[in-house]
Protein chains: 2
Amino acid sequence: MRGTMATIRDVADRAGVAPMTVSRVLNNPDSVSPKTRSRVEAVIAELKYVPNMIGQTLRTNRTMVIALVVADISNPFAIQQIRSVGDTARRDGYTVLFTHTEASEENELTQLRALVQRRVDGIVLAPVTNRPDSVDFVQGQGLPISVIGYPMPGNDVDVVRCDTGTASRQLTDYLLGLGHKRLAMLSGPSEIVSALERTDGFISALRGAGLSPVALRNAPFTVEGGYQMALSVLGGHDRPSAMVTANNFIAIGAAKAARELGMRVPEDVSIATFDNARSDSVLDPFFTGIIQPAAEMAELATGMLLGRLAGDEDGPGREIILPTRFEVHDSTAPPPAAN
Amino acid sequence: MRGTMATIRDVADRAGVAPMTVSRVLNNPDSVSPKTRSRVEAVIAELKYVPNMIGQTLRTNRTMVIALVVADISNPFAIQQIRSVGDTARRDGYTVLFTHTEASEENELTQLRALVQRRVDGIVLAPVTNRPDSVDFVQGQGLPISVIGYPMPGNDVDVVRCDTGTASRQLTDYLLGLGHKRLAMLSGPSEIVSALERTDGFISALRGAGLSPVALRNAPFTVEGGYQMALSVLGGHDRPSAMVTANNFIAIGAAKAARELGMRVPEDVSIATFDNARSDSVLDPFFTGIIQPAAEMAELATGMLLGRLAGDEDGPGREIILPTRFEVHDSTAPPPAAN
DNA sequence: CTGTTAGCGCCTTCAT
DNA sequence: ATGAAGGCGCTAACAG
C-alpha cells in the first residue's frame with residue numbers, strides 16, 4: 001500500500017505540465033493561467049494528490065511544527081496547555097507535536113533529542129525540574145525554546161510562570177486568619193523547585209504569625225503521596241487543624257485519608273491547596289486554593305516562541321510572571337472549638 | 001540561529017571521510033573500523049551533530065511517526081489513550097503525533113489531511129462519529145488506520161471497542177433490581193452513535209421489565225449538558241427516582257443539578273453512568289457505573305496498526321470487542337420509600 | 001572497510 | 001505564463 005501515493009511529478013505528467021507548474025498551482029495559484037490551473041486541479045483531485053511536506057521541509061528547512069513537552073500529562077494543567085498551545089500555534093500555521101516525559105529528566109532529554117532529529121522549528125517546555133541541561137541542549141542546536149512554570153536561573157530563556165512562593169504565603173495567611181494555629185504542609189518532592197517554593201512560603205507565613213509548622217512533609221505529587229502524608233500527619237498525637245497541600249492530587253489524597261480517619265473536611269480539618277482542579281471536572285469537595293492561569297501561561301509562552309520564529313524578537317530571554325487567583329470554596333473553615 | 005545545524009557532510013569533511021561512512025557509524029556501527037568509528041564519533045560530539053530525520057525520511061519513505069487523533073481531549077479517556085498509544089508505539093521505535101479535533105467532523109478531516117501531508121506512517125483514530133469519510137480518506141491515501149471506540153459499519157478497518165449497548169442494559173437492570181420503576185436517561189447528542197447505543201440499551205431493559213422511561217433527553221457530553229437535562233427532568237412533576245447518564249460529565253452535571261434542587265444522591269435520586277472517572281481524580285461522589293478499558297483499547301488498536309506497519313498483518317479489518325466493567329459505588333441506592 | 005553515484009519530493013533560481 | 005536545472009540531507013546500491 002505504501003509508496004502508492006501520488007507525487008508532484010505524477011500530477012505533472014498526467015496534466016501535461018512541468019512539476020513546477022503544479023507547485024505553483026499549490027502555492028501561488030495566481031501565477032498560473034486559469035486554464036492550466038483548472039486542468040491541474042482536476043488531476044490533483046483525480047489522483048487524490050496530497051503534497052508531501054517532507055519534500056518541502058527539506059527544501060525550505062522549516063517543518064512548521066513546534067513541540068510541546070510536558071512533564072506530567074495526568075495533571076489537569078496538561079490538558080489546558082495542550083489546548084492552549086495548539087490553538088495559538090495553529091493561528092500561525094504551525095502544528096503541535098506533543099510529548100510527555102513521565103516526570104523523568106532522562107526521559108526529557110531523550111524526547112528533546114528525538115524532537116531535534118525531527119527538526120521541529122521550536123519547543124515549548126513544561127519541564128521536570130529547573131536544571132539548565134534541557135534548555136542548554138535545545139539552544140545549543142540553535143532552536144528557540146520557551147519554558148512554562150519554572151524559574152530557570154541557569155538559562156537565558158523565555159519563561160512564563162507564577163510566583164507560587166508568594167501565593168503560598170497568601171494561602172497560609174488565609175488559614176491563619178480563620179484562626180488556625182496548628183498547620184501542616186504536605187508538599188511535593190523536595191528536589192522539585194515548585195515544591196520548595198510552596199513550602200518556603202508556608203513557613204514564612206507561619207513565622208510572620210509567630211508560629212511553627214506542626215509538620216512538613218514531602219512526597220510525590222500524587223493521590224497516593226497525599227494520602228500517605230495525611231495519614232501520618234493526622235494519625236499522630238499532634239494533629240493539625242489545617243493542611244496546605246502543594247497540588248490537587250495531594251489534596252485529594254489528603255481528603256481521602258481524613259475521611260478514612262473519621263474526620264470531616266472542613267469541620268474537623270481544613271485543606272487548602274495549589275492547582276485546584278476546575279469545577280468542571282470535580283464535584284466535591286471543591287478545594288479552597290490557589291489557581292494558576294495555565295492556559296494563559298501556555299498561550300504566552302507559545303506566543304513568545306512564535307515571535308522568535310517569525311523574527312519579531314531576538315533579544316535575551318524574558319521572564320513573565322503572571323498573577324495567581326485565590327478562590328475560597330468548601331474545604332476550609334475555622335478550626336474546631338476544641339483547638 | 002537556524003541553518004547553523006551541522007549536517008552529515010560537515011561531520012564527514014571534518015573527520016576526513018565520506019558522508020556514507022558517517023551514516024554507517026550512525027546506523028550500522030559494526031560495518032566501520034573501530035579506528036574510523038571513534039574518529040567520526042568524536043567529530044559528531046564536537047559538532048553536536050544530530051541526524052536530520054527529514055533527510056532519512058525522504059530517502060526511506062518512512063517517518064517513524066504515527067498519529068493519534070482524539071475527538072475530545074477533555075475526556076479522561078483521552079489521557080489514558082495518549083499514554084497507552086505512546087507507550088505501545090515507543091516500543092517499536094515510533095513517535096506519536098497527537099492531535100485533537102474538538103469533536104468536529106470537519107476539523108477531523110482537516111487534521112487528517114495535515115497528517116497525511118506530513119506523511120505519518122499510520123493513524124489511530126478515536127473518531128467524532130462513525131461516518132465512513134475519515135477512514136475512507138486515510139485509506140484512500142494508502143495509509144493504515146485503526147479506530148478506537150466506535151463500530152464502523154461503513155469501513156473495512158481495524159476497530160477496538162466495547163459493546164456499550166449491552167452494558168447499558170446491564171446498568172439499567174441493576175437499577176431495576178434495586179426497585180426503581182421511574183427512570184430517566186440523560187444521553188449525549190442524538191447524532192452520535194455511542195449516545196444512541198446507550199439510549200437503546202436503556203429502553204430495551206425497561207421494556208423487558210414492562211416499563212417506559214420517565215424521560216429521554218439528549219444534550220452535549222458536558223457538565224453543562226448534564227446539568228440542564230437533570231434540571232428539567234428533576235424539576236418536572238414526574239420525577240424519576242433514578243437516572244442513567246451517558247458519560248461522566250453528564251453525571252457530574254446531573255449530580256450538581258440534583259444538589260441544587262435540594263435532592264441528595266443517592267438517597268433521593270440514584271445516578272448510574274458510563275465512563276465513570278477513575279477514583280484517582282475524583283473524590284466524591286464516586287459514581288456507580290460502566291467502565292470501559294480505555295488503556296487496553298488504545299493499546300490493542302495501536303498494536304494492530306503496528307502489525308500492519310510491520311507487514312505482519314494485511315488481511316481485512318478486524319473488530320475486537322472488549323468487555324466493560326461494572327462497578328457499584330456511592331451514587332445508587334433503592335428508591336425512597338415514597339416511590 | 002570505504003567511497004561514489006544517484007535519487008527520494010519539493011521549491012528557488014534562472015531562463016524562455 | 002511555463003519550464004529546466006540544481007540541491008536541501010540522507011542512504012540504497014554498487015564499486016573498489
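In this text the structure is predicted, and so the values were computed from the model without any measurement. Order of the sequence lines sets the chain letters (A, B, ...), proteins ahead of strands, with each chain counted from 1.
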- Rounded to the nearest angstrom, tell me the gap between atom CZ in B/Arg59 and atom P in D/dC8. 16 Å
- 5'-most contact on DNA chain C: B/Ser31 or B/Leu58, nearest heavy atom basis? B/Ser31
- Would you indicate, yes or no, if D/dA1 has its OP1 or OP2 atom less than 4.0 angstrom from a side-chain nitrogen or oxygen of A/Thr36? no
- Between CG of B/Asp10 and C1' of D/dC8 the distance, given in whole Å, is 13 Å
- Item | Nearest-nucleotide pick for B/Thr21, side chain only, options being C/dC10, C/dG3, D/dT2 | C/dG3
- Item | Any B/Asn52 side-chain N or O less than 4.0 Å from OP1/OP2 of D/dC8 | no
- With distance as the sole test, does B/Thr302 use its side chain to make a donor-acceptor pair with the main-chain N or O of B/Val85 at under 3.5 Å? no
- Note on the structure: A/Met20 CE to C/dT16 C1', in whole Å, measures 15 Å
- Hey, does A/Pro19 reach any base, or is it just sugar-phosphate, or nothing, if we go heavy atoms under 4.0 Å? nothing
- Task: Compare the minimum distances between each of C/dC11, C/dC10, D/dC10 and the side chain of A/Pro51, then state the nucleotide with the smallest one.
- Result: C/dC10
- For B/Glu299 and B/Thr88, test the side chains for any donor-to-acceptor distance below 3.5 angstrom and give the result as yes or no. no
- Is there a side-chain contact between A/Val22 and A/Pro19 (heavy atoms, below 4.5 Å)? no
- Note on the structure: note: B/Arg24, atom CZ; C/dT4, atom C1'; distance rounded to Å ~ 11 Å
- Item | Integer-rounded Å distance: C/dC11 P and A/Gln56 CD | 4 Å
- Task: Would you kindly give the CD1-to-P distance between A/Ile8 and D/dA4, to the nearest whole Å?
- Result: 14 Å
- Look at the side-chain N and O atoms of A/Ser23 and state whether any lies under 4.0 Å from the OP1 or OP2 oxygen of C/dC11. yes
- Apply the side-chain contact (heavy atoms from CB on, under 4.5 Å) test between B/Asp158 and each candidate in B/Met152, B/Arg308, B/Glu319; give the one that qualifies. B/Arg308
- Item | Under 3.5 Å side-chain donor-acceptor pair for B/Thr101 and B/Ser104 | no
- Length of the CD-P vector between A/Gln117 and D/dC10, whole Å: 10 Å
- Query: Is any side-chain nitrogen or oxygen of B/Ser33 closer than 4.0 Å to OP1 or OP2 of C/dC1?
  - Reply: no
- For B/Asn61 and C/dG9, give me the distance from atom CG to atom P, rounded to whole Å. 7 Å
- Query: Taking OP1 and OP2 of D/dC10, is either one under 4.0 Å from a side-chain nitrogen or oxygen of B/Tyr49?
  - Reply: yes
